[in-house]
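Convention: sequence-line order gives letters A, B, ...; per-chain numbering from 1.
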Amino acid sequence: MRASRYLLATVKETPADAVVISHQLMLRAGMIRKLASGLYSWLPTGLRVLQKVEQIIREEMNNAGAQEVLMPVTQPIDLWDESGRASNFGPELLRFTDRHGNGFCLGPTHEEVITDLARNELHSYKQLPMNFYQIQTKFRDETRPRFGVMRSREFIMKDAYSFHLDHASLEDTYQIMYDAYCRIFDRLGLNYRAVAADTGSIGGSGSHEFHVLAQSGEDAIAFSDSSSYAANVELAEAIAEGERAAPEKPLQLQDTPGAKTIADLVSQFQLPIERTVKTLVVAASEAAGGGLIALLVRGDHELNELKAEKLPQVAAPLRFATNEEIREAIGAGPGSLGPLNLPIPCLADRSVAVMSDFTAGANIDGKHYFGINWERDLPLPDTADLRDVVEGDPSPDGQGRLTIKRGIEVGHIFQLGTKYSEALKATVLDENGKSLPMPMGCYGIGVTRVVAAAIEQNFDERGIIWPEAIAPFQIALIPVNLKKSPRERELCEQLYRQLTEAGFEVLYDDREKERLGVKLSDAELIGIPHRVVVAERGLDDNTVEYRARRESENTLVAPDAIVQFLRDRLK
RNA sequence: CGGAGUAUAGCUCAGCCUGGUAGAGCACUACGUUCGGGACGUAGGGGUCGUAGGUUCAAAUCCUGCUACUCCGACCA
């Protein structure tokens, strides 16, 4: 591609409304332009990257035995009534009516459409399993689109849906998809983790999220430093370490005026924070008799609301008690609560159960007990996993310790089960002529989000640093001064021809009006991994200058050796 | 959906408080100089100041409604 005939569309200044780095760089590099909130046009440079990502996904899906289809963006609302999701999807589902008065929506996902297709086309167990995918535009009317293409309203997704005779077959395909996803993200050149995930409202037994690790990620992920264990922090099981030590200190009631928080207590009395207990009061479930229940976590730990809500004793959704409720039930304010002499039921986090000689509120305003010990001063309450894991916790699989990093969710695989096949009556006959709903799996990758995530993970102060596999161009060919030097022009034209014929994607910066500095910064901004500079002074020594995007030194190479040199570098 | 803010040239923004002639830098066009890390000079083109109304002799500027966009929060396969 000749730069003089190409819409480079780079901009020097950072656009005002971009806050994350990928959004800023995608605008500056001329990859995207905003049309309206959450809606973006893809310019040539952006589209080149997008299509490379799509192609890698397509190849690996095909290799994994999936078949590509293409379904409409516009879907009849009737199908959504049939699955029951029309009523519970809410305003994120953009609905409208056609000229005949029939209801439609823009597809935020395609379970309904594919299940409708499957019920019409699949009739026998002999056809199963089958796995269909598409790479296609979705629309979700997000309440608050942000971060450019990372959370836009219209976006491109690869979504796949598999159909099975039984659950064992679903698990086979699920594993095949898991492996295919690993190959896809490996090939994309991204640092990622497959993470055990909550199945959420969709239900089903198995689910993994694929996260690209990046500072700006919206999710926190815990993973083992010595095994493949990884889970969303919200889900990772917190394990207590060690045995409870024997009591050493006497129980003491102390005046602690002004110590309303754990932080106050720790600083005023020089206590180790791991020897303090936080007492949080929430609504108890009907099954547990209603009223309030206290949850105990160590002073340096945080309550995990998701875990708490799932406990049978705790009301769902989780609701914290008001100050008035606490005072009425306990007779003290929230800053002075503890397990000793507590008139309401309580549950202790596992880590709390192994504490000794600890400090907690006395359930009397302005007083705390110091030197509390289980089974000496009070019985050990029921224990449960109540807290978020923290860095350094033992890994739940027993191997190594947990590290916590932030991640961007770019893929999600689910075992859906028969939710949709039952609702839409997608059944096949088995060997015995019995009609069965097909268990389903679904497997998504946010294609446009992958592009943004790749940038979040690979940039410097000069711009994007693309992984080789998805760079818009592989090589930038840059003459120092085309206008002045017919020799440079002659060599560049020759190299451009040779490199292109060798199968490389080359951006040949033949712009005559731009100076060298502009061309170099443009090539760096759009993140071309390799560059070759052709200069008059090198011609005398029979050299051209090569530099990789990540390097800071030039390598001099003879012009007639550069094609082979690049072949070796790009291997 | 709750809270806050913004809207002036293609982009980044000044002007508004204190009403009277619409500005700068970048980008764009022409010419000249310059030419290995985002050059310089001269001359130009480009804006119904988001929109509708109100106050006023006079509104980018003051007031009100509307719309769009951004940020914080809630929400999110």
Protein-nucleotide distance ([X], atom [atom1]; [N], atom [atom2]), rounded to Å:
{"X": "A:His23", "N": "B:U70", "atom1": "NE2", "atom2": "C1'", "result": "11 Å"}
{"X": "A:Leu35", "N": "B:A68", "atom1": "CG", "atom2": "P", "result": "14 Å"}
{"X": "A:Leu8", "N": "B:G38", "atom1": "CG", "atom2": "C1'", "result": "13 Å"}
{"X": "A:Asn554", "N": "B:G37", "atom1": "CG", "atom2": "P", "result": "12 Å"}
{"X": "A:Gln415", "N": "B:A77", "atom1": "CD", "atom2": "P", "result": "18 Å"}
{"X": "A:Phe147", "N": "B:U70", "atom1": "CZ", "atom2": "P", "result": "12 Å"}
{"X": "A:Met150", "N": "B:A77", "atom1": "CE", "atom2": "P", "result": "18 Å"}

For this session: Could you tell me whether A:Glu92 atom CD has more than 12 heavy atoms of other residues or ligands within 6.0 Å of it?
Result: yes
Problem set entry | Other residues, nucleotides, ligands: >12 heavy atoms within 6.0 Å of A:Lys52 NZ | yes
Base, sugar-phosphate, or nothing for [X], non-hydrogen atoms under 4.0 angstrom?
{"X": "A:Arg511", "answer": "nothing"}
{"X": "A:Glu512", "answer": "nothing"}
{"X": "A:Lys34", "answer": "sugar-phosphate"}
{"X": "A:Arg28", "answer": "base"}

Determine the Euclidean distance between corresponding [atom1] atoms of [M] and [N]; express it in Å to zero decimal places.
{"N": "B:U64", "M": "B:G10", "atom1": "P", "result": "29 Å"}
{"N": "B:G2", "M": "B:A74", "atom1": "P", "result": "16 Å"}
{"N": "B:U61", "M": "B:G19", "atom1": "P", "result": "12 Å"}
{"N": "B:U8", "M": "B:C13", "atom1": "P", "result": "10 Å"}
{"N": "B:G36", "M": "B:G47", "atom1": "P", "result": "38 Å"}
{"N": "B:G73", "M": "B:A30", "atom1": "P", "result": "49 Å"}
{"N": "B:U21", "M": "B:A59", "atom1": "P", "result": "10 Å"}
{"N": "B:G20", "M": "B:C62", "atom1": "C1'", "result": "15 Å"}

Problem set entry | Carboxylate-amine/guanidinium contact A:Asp522 A:Arg462, below 4.0 Å | no
Contact list (N/O, under 3.5 angstrom) for nucleotides 31-34 of chain B vs protein:
residue	atom	partner	partner atom	Å
B:U34	O2	A:Arg515	NH2	2.6

Seminar exercise, completed: Heavy-atom nearest nucleotide on RNA chain B taken for A:Val534 and for A:Arg449; more 5' hit belongs to A:Val534
Problem set entry | A:Ala535 or A:Gly38, whichever maps to the more 5' nucleotide of RNA chain B | A:Ala535
Name the pairs: protein N/O against N/O of nucleotides 3-11 of chain B, kept only if under 3.5 Å.
none

For this session: For A:Asp81, enumerate each residue passing the side chain to side chain contact (heavy atoms under 4.5 Å, CB included) test, keeping only those at least two apart in sequence or located in another chain.
Result: A:Ile77, A:Asp78, A:Ala86
For this session: Just jot down the side chain to side chain contact (heavy atoms under 4.5 Å, CB included) partners of A:Asp17, sequence neighbours excluded, or say none.
Result: A:Pro15, A:Lys34
Polar atom pairs (N or O), protein with nucleotides 73-76 of chain B, under 3.5 Å:
residue	atom	partner	partner atom	Å
B:G73	N7	A:Arg144	NH1	3.4
B:A74	N1	A:Thr143	OG1	3.1
B:C75	O2	A:Thr143	OG1	3.0
B:C75	N4	A:Arg146	NH2	3.0
B:C76	O2	A:Arg151	NH1	2.4
B:C76	O2	A:Arg151	NH2	3.1

Output a table of nitrogen or oxygen pairs between the protein and nucleotides 27-29 of chain B separated by less than 3.5 Å.
none

Problem set entry | For B:U70, the Watson-Crick or wobble counterpart (both distances under 3.5 Å) | B:A4
Exercise. Which base sits across from B:A24 as a Watson-Crick or G-U pair, both distances under 3.5 Å?
Worked result: B:U12
Problem set entry | From CA spacing to verdict: side chain to side chain contact (heavy atoms under 4.5 Å, CB included), A:Gln67, A:Asn131 | CA-CA 6 Å; A:Gln67 305 169 64; A:Asn131 191 359; over 6 Å; no
Tabulate below the donor-acceptor pairs under 3.5 Å that side-chain atoms of residues 36-48 of chain A make, not counting sequence neighbours, or state none.
residue	atom	partner	partner atom	Å
A:Tyr40	OH	A:His23	NE2	3.4
A:Thr45	OG1	A:Tyr6	OH	2.8
A:Arg48	NH1	A:Pro472	O	3.0

Problem set entry | Pair A:Glu545-A:Arg531, salt bridge (Lys or Arg N to Asp or Glu O under 4.0 Å): steps then yes or no | CA-CA 8 Å; A:Glu545 299 161 17; A:Arg531 84 173 189 213; 6.0 Å; no
Problem set entry | Stepwise salt bridge (Lys or Arg N to Asp or Glu O under 4.0 Å) test for A:Arg387 and A:Glu302 | CA-CA 5 Å; A:Arg387 67 174 174 95; A:Glu302 291 295 328; over 6 Å; no
Problem set entry | Contacts of A:Arg319 that satisfy salt bridge (Lys or Arg N to Asp or Glu O under 4.0 Å) - sequence neighbours left out | A:Glu325
Exercise. For A:Phe96, what residues pass the ring pair (Phe, Tyr, Trp, His ring centres under 6.0 Å) criterion, not counting sequence neighbours?
Worked result: none
Problem set entry | ring pair (Phe, Tyr, Trp, His ring centres under 6.0 Å) against A:Tyr181, all qualifying residues, sequence neighbours excluded | A:Phe210
For this session: Show your working on salt bridge (Lys or Arg N to Asp or Glu O under 4.0 Å) between A:Asp509 and A:Arg2 and close with a plain yes or no.
Result: CA-CA 6 Å; A:Asp509 202 335; A:Arg2 289 170 189 269; over 6 Å; no
Please list, one pair per line, the donor and acceptor atoms closer than 3.5 Å that link side chains of residues 213-223 of chain A to other protein atoms, with sequence neighbours excluded.
residue	atom	partner	partner atom	Å
A:Ser216	OG	A:Glu456	OE1	2.7
A:Glu218	OE1	A:Arg151	NH2	3.4

For this session: Using the side chain to side chain contact (heavy atoms under 4.5 Å, CB included) rule, take A:Trp466 and A:Val451 through it: C-alpha gap first, then chi angles, then the decisive distance, then the call.
Result: CA-CA 10 Å; A:Trp466 288 112; A:Val451 176; 3.9 Å; yes
For this session: Evaluate the criterion side chain to side chain contact (heavy atoms under 4.5 Å, CB included) for residue pair A:Trp80 and A:Cys105; output intermediate values, then yes/no.
Result: CA-CA 9 Å; A:Trp80 288 71; A:Cys105 64; 3.6 Å; yes
Exercise. Of all of residues 520-530 of chain A, which get a heavy atom below 4.0 angstrom from RNA chain B, listed by number?
Worked result: A:Leu520, A:Ser521, A:Asp522, A:Glu524
Problem set entry | Nearest-neighbour nucleotide for the A:Asp17 side chain, B:A77, B:A39, B:C69 considered | B:C69
For this session: Verify whether the ring centers belonging to A:Tyr443 and A:Phe414 lie closer than 6.0 Å.
Result: no
For this session: Apply side chain to side chain contact (heavy atoms under 4.5 Å, CB included) to the pair A:Gln134 and A:Glu68, showing each step before the final yes or no.
Result: CA-CA 5 Å; A:Gln134 64 174 348; A:Glu68 186 166 8; 5.5 Å; no
